[in-house]
*Asks:* 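First, the structure itself, so that you have it in front of you.
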Amino acid sequence: MANSREYTDYVLDQLESVGVILTTKMFGGLLLKVDNKQLGVISEDVLYFKVKEPELHRKFTQMESDPFEYDRKDRKSPVRIRSWWSVPDEILEDREQLVALAYEVLLQGSK
(Lines give C-alpha, C1' and ligand atoms only; values in the text may rest on other atoms or scores of the structure.)
Protein backbone atom coordinates (compact mmCIF):
# COMPACT_ATOMS: atom_id res chain seq x y z
CA MET A 1 0.00 0.00 0.00
CA ALA A 2 2.80 2.40 -0.81
CA ASN A 3 2.23 5.97 -1.91
CA SER A 4 4.51 7.97 -4.16
CA ARG A 5 5.87 11.17 -2.71
CA GLU A 6 4.80 13.00 -5.89
CA TYR A 7 1.16 11.95 -5.54
CA THR A 8 1.07 12.82 -1.83
CA ASP A 9 2.62 16.25 -2.48
CA TYR A 10 0.12 16.85 -5.30
CA VAL A 11 -2.88 16.01 -3.10
CA LEU A 12 -1.62 18.17 -0.23
CA ASP A 13 -0.97 21.05 -2.63
CA GLN A 14 -4.47 20.76 -4.11
CA LEU A 15 -5.95 20.83 -0.58
CA GLU A 16 -3.77 23.59 0.88
CA SER A 17 -6.61 26.12 1.18
CA VAL A 18 -8.61 23.71 3.39
CA GLY A 19 -6.25 24.42 6.30
CA VAL A 20 -3.35 22.77 8.03
CA ILE A 21 -3.42 19.10 7.10
CA LEU A 22 -1.72 16.75 9.52
CA THR A 23 -0.62 13.40 8.16
CA THR A 24 -0.16 10.14 10.05
CA LYS A 25 0.82 6.73 8.73
CA MET A 26 -2.09 4.30 8.80
CA PHE A 27 -2.21 0.74 7.43
CA GLY A 28 0.59 1.49 4.98
CA GLY A 29 -1.27 4.57 3.80
CA LEU A 30 -1.45 8.14 5.01
CA LEU A 31 -4.31 9.52 7.16
CA LEU A 32 -5.23 13.19 6.54
CA LYS A 33 -6.66 15.26 9.40
CA VAL A 34 -7.79 18.89 9.60
CA ASP A 35 -8.58 20.42 13.00
CA ASN A 36 -8.47 16.92 14.52
CA LYS A 37 -11.16 15.69 12.08
CA GLN A 38 -10.48 12.86 9.66
CA LEU A 39 -10.64 14.15 6.12
CA GLY A 40 -9.31 11.21 4.20
CA VAL A 41 -6.61 8.72 3.52
CA ILE A 42 -4.17 8.20 0.68
CA SER A 43 -3.55 4.56 -0.17
CA GLU A 44 -1.74 3.23 -3.24
CA ASP A 45 -1.85 6.71 -4.81
CA VAL A 46 -5.62 7.05 -4.44
CA LEU A 47 -7.28 9.71 -2.30
CA TYR A 48 -10.28 8.54 -0.26
CA PHE A 49 -12.53 10.86 1.75
CA LYS A 50 -14.31 9.86 4.96
CA VAL A 51 -18.05 9.69 4.23
CA LYS A 52 -20.45 9.31 7.14
CA GLU A 53 -23.75 10.96 6.18
CA PRO A 54 -26.22 9.27 3.80
CA GLU A 55 -26.58 12.40 1.64
CA LEU A 56 -22.84 12.59 1.05
CA HIS A 57 -22.71 8.83 0.51
CA ARG A 58 -25.27 9.25 -2.32
CA LYS A 59 -23.17 12.02 -3.83
CA PHE A 60 -20.07 9.82 -3.92
CA THR A 61 -22.10 6.96 -5.39
CA GLN A 62 -23.41 9.26 -8.14
CA MET A 63 -19.81 10.32 -8.89
CA GLU A 64 -19.10 6.60 -9.45
CA SER A 65 -16.64 6.64 -6.60
CA ASP A 66 -15.31 3.38 -5.21
CA PRO A 67 -15.18 2.28 -1.58
CA PHE A 68 -11.80 1.55 -0.04
CA GLU A 69 -10.90 -2.13 -0.36
CA TYR A 70 -8.04 -4.28 0.80
CA ASP A 71 -7.15 -7.94 0.63
CA ARG A 72 -6.74 -10.23 3.61
CA LYS A 73 -5.01 -13.56 3.51
CA ASP A 74 -7.82 -15.24 5.45
CA ARG A 75 -10.56 -14.12 3.00
CA LYS A 76 -11.18 -14.87 -0.65
CA SER A 77 -12.91 -11.58 -1.39
CA PRO A 78 -11.57 -8.13 -0.52
CA VAL A 79 -12.67 -6.28 2.61
CA ARG A 80 -14.73 -3.23 1.68
CA ILE A 81 -14.77 -0.15 3.95
CA ARG A 82 -17.90 1.83 3.07
CA SER A 83 -16.95 4.91 5.06
CA TRP A 84 -13.96 5.71 2.82
CA TRP A 85 -14.73 6.64 -0.81
CA SER A 86 -12.34 7.44 -3.64
CA VAL A 87 -12.17 10.95 -5.02
CA PRO A 88 -12.61 10.79 -8.82
CA ASP A 89 -9.67 12.08 -10.87
CA GLU A 90 -11.72 14.89 -12.43
CA ILE A 91 -12.51 16.23 -8.93
CA LEU A 92 -8.92 15.79 -7.73
CA GLU A 93 -7.63 17.75 -10.73
CA ASP A 94 -10.06 20.65 -10.17
CA ARG A 95 -8.79 22.40 -7.04
CA GLU A 96 -12.01 24.38 -6.53
CA GLN A 97 -14.24 21.30 -6.69
CA LEU A 98 -11.85 19.28 -4.52
CA VAL A 99 -11.73 21.93 -1.80
CA ALA A 100 -15.53 22.30 -1.85
CA LEU A 101 -15.91 18.53 -1.48
CA ALA A 102 -13.33 18.47 1.33
CA TYR A 103 -15.33 21.11 3.21
CA GLU A 104 -18.49 19.02 2.81
CA VAL A 105 -16.65 16.05 4.28
CA LEU A 106 -15.27 18.08 7.18
CA LEU A 107 -18.65 19.64 7.99
CA GLN A 108 -20.49 16.31 8.23
CA GLY A 109 -22.40 16.03 11.46
CA SER A 110 -22.03 19.71 12.35
CA LYS A 111 -25.29 20.86 10.74
Side-chain angles (χ1 to χ4, degrees):
M1 286 196 217
N3 295 307
S4 71
R5 186 73 200 153
E6 295 81 16
Y7 183 82
T8 300
D9 289 345
Y10 176 72
V11 168
L12 294 175
D13 182 62
Q14 288 291 87
L15 290 168
E16 73 179 344
S17 65
V18 172
V20 177
I21 298 176
L22 300 177
T23 60
T24 307
K25 289 182 181 181
M26 179 177 117
F27 304 122
L30 199 62
L31 178 67
L32 309 177
K33 287 179 140 187
V34 177
D35 293 330
N36 211 27
K37 292 180 183 177
Q38 291 183 3
L39 171 62
V41 66
I42 300 173
S43 179
E44 296 183 9
D45 286 346
V46 176
L47 173 63
Y48 297 89
F49 276 163
K50 177 94 172 179
V51 178
K52 299 182 282 188
E53 292 184 349
E55 181 179 313
L56 196 53
H57 181 268
R58 279 190 293 281
K59 183 174 189 168
F60 273 82
T61 301
Q62 289 171 351
M63 290 189 297
E64 297 183 5
S65 181
D66 296 312
F68 179 78
E69 291 184 346
Y70 66 93
D71 293 319
R72 281 185 27 185
K73 292 177 185 175
D74 62 336
R75 291 182 61 158
K76 290 183 180 183
S77 59
V79 176
R80 213 172 243 185
I81 309 295
R82 295 205 172 268
S83 59
W84 295 99
W85 288 82
S86 65
V87 175
D89 289 340
E90 60 271 11
I91 302 291
L92 180 62
E93 294 168 6
D94 184 323
R95 186 183 305 234
E96 190 174 303
Q97 284 188 49
L98 179 63
V99 168
L101 187 58
Y103 280 125
E104 281 186 68
V105 169
L106 291 168
L107 292 173
Q108 292 178 93
S110 63
K111 298 176 186 176

*Asks:* Holding to side chain to side chain contact (heavy atoms under 4.5 Å, CB included), I want the full list of residues that pass it with D66, two or more places apart in sequence or in another chain.
*Replies:* S86
*Asks:* List for me each residue that meets side chain to side chain contact (heavy atoms under 4.5 Å, CB included) alongside D9, sequence neighbours excluded, and say none if there are none.
*Replies:*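 Here the qualifying residues are R5.
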*Asks:* Applying side chain to side chain contact (heavy atoms under 4.5 Å, CB included), name anything that partners L22, two or more places apart in sequence or on another chain.
*Replies:* V20
*Asks:* Drop me the distance from L101's CG to S65's OG, to the nearest 0.5 angstrom.
*Replies:* 9.0 Å
*Asks:* Which pairs pass salt bridge (charged side-chain N to carboxylate O under 4.0 Å, His left out) with one or both residues in residues 16-36, sequence neighbours excluded?
*Replies:* E16-R95
*Asks:* Just verifying a value: how many Å separate I42 CD1 and T8 OG1, rounded to the nearest 0.5 Å?
*Replies:* 4.5 Å
*Asks:* In chain order, what residues pass the side-chain hydrogen bond (donor to acceptor under 3.5 Å, both in side chains) check against Q97, with sequence neighbours excluded?
*Replies:*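 Result, side-chain hydrogen bond (donor to acceptor under 3.5 Å, both in side chains) vs Q97: D94.
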*Asks:* Look at the side chain of E104 and the backbone N and O of L56, then say whether any donor-acceptor pair between them is shorter than 3.5 Å.
*Replies:*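 Looks like no, no N/O pair under 3.5 Å.
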*Asks:* Strictly distance-based, threshold 3.5 Å: is any side-chain N or O of E93 a donor or acceptor partner for the main-chain N or O of E90?
*Replies:* no
*Asks:* Run the ring pair (Phe, Tyr, Trp, His ring centres under 6.0 Å) test against Y48 and tell me which residues pass, sequence neighbours left out.
*Replies:* F68
*Asks:* Does S4 have any side-chain hydrogen bond (donor to acceptor under 3.5 Å, both in side chains) partners at least two apart in sequence or in another chain, and if so, which?
*Replies:* D45
*Asks:* Under the rule for ring pair (Phe, Tyr, Trp, His ring centres under 6.0 Å), what residues qualify as partners of W85, not counting sequence neighbours?
*Replies:* H57
*Asks:* Any side-chain heavy atom of K52 within less than 4.5 Å of one from S83?
*Replies:*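 Not in contact.
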